[in-house]
Amino acid sequence: MTAVDEQTGLAFYEFIDARLDEELRTKYPTTDSTPAMEEYRQKYCAAKKEHDDLVDALHRGDQEQAADLLWGLRNQASPWKAHADYPEPISDGTMPCPVSAPETGHPCVKRIPNGWAAAEGHGGGHFWQAPKATELQNAGAHVDYRTLLSGQPAAYHLPEDCTPDCWKWGD
Ligand SMILES: [Zn+2]
Ligand SMILES: [Zn+2]
């Protein structure tokens, strides 16, 4: 997970602020707008407080709290995820998961689901795999995943070279 920075926090805060302004203008362009103003004020104050606290947390060097607060801002921004100015790229279903294995650095082969931001991740755990193994898998090779998961160089062969001791024999 990349570290939270002030720029990201500010981008979310400004995005929410702009959307709330828009919402207020579309809902109540001219007529009595007291209830709308009240709703706007509440939402705006929530976003502002979250952003102020995030900046504070960053100044204290508290990344954990900053990350929590950024999630708060993300949740407030989520109704406008389809908006062109949304501060984070949204997956079309093909965006690769950006989190690599902490020990081996192998990339995760899962994709971010359509309509989700990379920070929201994907269902289930990560599936980290050596790029070489992914390539072999796509080529239909039989890979010994036990050695692969232990981080050792994996044993593999193409289907035509298969032997009865292979776990995929008879497929
Ligand atoms: Zn992943
Ligand atoms: Zn085999």
Side-chain angles (χ1 to χ4, degrees), residues 1-16 19 46-47 50-51 53-171:
M1 191 53 61
T2 46
V4 177
D5 56 29
E6 282 190 45
Q7 231 179 337
T8 314
L10 185 64
F12 269 99
Y13 167 65
E14 287 181 343
F15 175 78
I16 295 166
R19 297 294 79 71
E50 210 116 50
H51 176 252
D53 289 352
L54 187 143
V55 172
D56 270 2
L58 285 174
H59 287 179
R60 285 196 314 273
D62 190 343
Q63 268 291 326
E64 207 173 315
Q65 209 204 336
D68 272 0
L69 289 160
L70 184 60
W71 275 110
L73 285 171
R74 256 194 201 102
N75 286 339
Q76 292 186 58
S78 66
W80 303 292
K81 245 182 182 174
H83 196 282
D85 295 340
Y86 190 80
E88 286 179 324
I90 299 293
S91 177
D92 60 359
T94 64
M95 185 189 280
C97 169
V99 182
S100 48
E103 282 169 23
T104 58
H106 289 163
C108 173
V109 298
K110 287 192 179 176
R111 305 273 157 187
I112 305 300
N114 189 10
W116 292 30
E120 295 173 292
H122 47 66
H126 295 291
F127 190 82
W128 291 308
Q129 186 167 271
K132 180 75 183 163
T134 309
E135 195 186 306
L136 287 166
Q137 199 175 37
N138 292 341
H142 295 174
V143 182
D144 186 339
Y145 290 99
R146 286 156 306 177
T147 52
L148 201 74
L149 291 173
S150 66
Q152 305 297 311
Y156 63 89
H157 52 264
L158 290 171
E160 54 265 38
D161 302 324
C162 203
T163 53
D165 63 327
C166 172
W167 64 283
K168 279 206 101 173
W169 173 255
D171 259 23

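Atoms within each ligand, like the ligands themselves, are counted from 1 in listed order. Because the structure is predicted, anything quoted here is derived from the model rather than measured.
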Less than 4.5 Å apart, any side-chain heavy atom of [X] and any of [Y]?
{"X": "Leu58", "Y": "Leu54", "result": "yes"}
{"X": "Glu88", "Y": "Phe12", "result": "yes"}
{"X": "Phe15", "Y": "His83", "result": "yes"}
{"X": "Cys97", "Y": "Ile112", "result": "yes"}

Worksheet item: Sub-3.5 Å donor-acceptor pair from the side chain of Trp128 to the main-chain atoms of Val99, do we have one?
Response: yes

Please confirm whether the backbone N or O of Val4 pairs with a side-chain atom of Gln63, one donor and one acceptor, at under 3.5 Å? yes

Within-2.8 Å protein N/O/S contacts of the Zn ion (ligand 2):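 For the Zn ion (ligand 2), the protein N, O and S atoms that sit under 2.8 Å away are His142 ND1, His157 NE2, Cys162 SG, Cys166 SG.
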
Review point. With Pro164, which residues qualify under side chain to side chain contact (heavy atoms under 4.5 Å, CB included), at least two apart?
Key: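 Scan of Pro164 (side chain to side chain contact (heavy atoms under 4.5 Å, CB included), adjacent residues dropped) gives Trp169.
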
Handout entry: Within residues 102-124 or reaching into it, pairs that qualify as salt bridge (charged side-chain N to carboxylate O under 4.0 Å, His left out) - sequence neighbours excluded
Key =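 Passing the test, one end in residues 102-124: Lys81-Glu120.
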
Near the Zn ion (ligand 1), protein N/O/S count under 2.8 Å comes to 4

Does either side chain, that of Ser78 or that of Asn75, offer a donor lying less than 3.5 Å from an acceptor on the other one? no

